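Working notes, beginning with the structure itself.
Everything numeric here is computed off the predicted structure, so don't read it as measured data. These numbers come from the heavy atoms of this one structure, side chains and all, not from hydrogens, waters or symmetry mates.
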Amino acid sequence: MLIYLHSKLFDLKWIGAILGFYVRGFVGAVIGFIIGSILDRIFRSSSSTTGGGFGKIFQEQGGQVSPGDFELNLLSLSSLVIKADGKVSQQEMDFVRMYFVQAYGKERANATFRTFNDVIKNREISVDKICNYLRPRVRYEVRLQILHFLFNISNADGHVSEAELRVLLEISQNLQLANSDFESIKAMFFKSADNSYKILEIEKSASDSEVKKAYRSMAKKFHPDKLQHMDEAYQKGAQEKFNKVQEAYEQIQKERGL
């Protein structure tokens, strides 16, 4: 079906040329060919981006993943986090639904949940299979946002359990995220004496110049502009991480009198 559709789109330029030739001769054929080519590009562009902003995002690394497939895989990872501690928290379920509605709209989110309930939920969900599918198809910063989103789910009831943390670490490792990035995002949800340093991925003994360098590096890594082509909910998540980096840096500045 896809090959047939593409052949029809390809024919538009030649159809235009033939019709133009019958109407205006050679000049008409040239004009018809140009118009057909423009229509060809328009239809190809619309068919490649149907399904929302994710149609463009998840075709940048070694393969493709459709918007629907991405949403179902993300929902599958969410279910693993929710069920990690053996109980299903209503707060965590509500967070996922709210996030999907914000990202995709109510109608599309409901359709995704229905598909998940009818198909995916009744099958065994494998962390490594999902991550092996997503990893080569999405960029590193998107994988960071996936991890941040999953941490937010586990923290929706006010506490990230040890069981949830183990699942989050497994997902992070299977997405091939650096351990320092995992610890940085983890520190955004755990209060400790040195979590500001962990967020910036440095030791407490780091020099002032190393602190500044780390801040610039992390601010660049988590800058919201890296996800400006994604839906609003994902941009909001990127902004949250960026704010945490800024807060961590300001806290260290305050402590050191910088």
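Applying the salt bridge (charged side-chain N to carboxylate O under 4.0 Å, His left out) rule to pairs touching residues 170-181 yields Asp181-Lys221, sequence neighbours excluded. Residue pairs meeting the salt bridge (charged side-chain N to carboxylate O under 4.0 Å, His left out) criterion with at least one partner in residues 90-106, sequence neighbours excluded, are absent. Listed by first and then second residue, the ring pair (Phe, Tyr, Trp, His ring centres under 6.0 Å) pairs involving residues 167-188 are Phe151-Phe182 (not counting sequence neighbours).
Ser126 is linked by a side-chain hydrogen bond (donor to acceptor under 3.5 Å, both in side chains) to Asp128, counting only residues two or more places apart in sequence or in another chain. For Ser205, the side chain to side chain contact (heavy atoms under 4.5 Å, CB included) test picks out Glu203, with sequence neighbours left out. Partners of Asp208 by salt bridge (charged side-chain N to carboxylate O under 4.0 Å, His left out), not counting sequence neighbours, listed by chain and number: Arg256. Here Ser89 pairs with Gln91 under the side-chain hydrogen bond (donor to acceptor under 3.5 Å, both in side chains) rule; sequence neighbours left out.
Arg135 places a side-chain N or O within 3.5 Å of a backbone atom of Asn174 that can act as its donor or acceptor partner. Between the side chain of Ser76 and the main chain of Leu72, a donor-acceptor pair closer than 3.5 Å is present.
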Show every donor-acceptor pair shorter than 3.5 Å between a side-chain atom in residues 161-169 and any protein atom, with sequence neighbours excluded, or say none if there are none.
residue : atom : partner : partner atom : Å
Ser161  : OG   : Glu164  : N            : 3.1
Ser161  : OG   : Glu164  : OE1          : 3.4
Glu164  : OE1  : Ser161  : N            : 2.9

Donor-acceptor pairs under 3.5 Å, side chain of residues 245-253 to any protein atom, not counting sequence neighbours: which ones?
residue : atom : partner : partner atom : Å
Tyr249  : OH   : Gln253  : NE2          : 3.4
Gln251  : NE2  : Glu255  : OE2          : 3.2

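Once rounded to the nearest 0.5 Å, the distance linking CG of Leu134 with CD1 of Ile171 reads 10.5 Å.
For Lys129 and Tyr133, the positive end is not near the middle of the six-membered ring at less than 6.0 Å and at most 45° from its axis.
Remark: aromatic rings of His148 and Phe189 are close, center separation under 6.0 Å.
Across all their heavy atoms, Arg137 and Asn132 have their closest contact at NH1-O, 4.4 Å.
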* Does the side-chain contact (heavy atoms from CB on, under 4.5 Å) test come out yes or no for Tyr140 and Leu175, once each step is laid out? -> CA-CA 9 Å; Tyr140 192 85; Leu175 287 175; over 6 Å; no

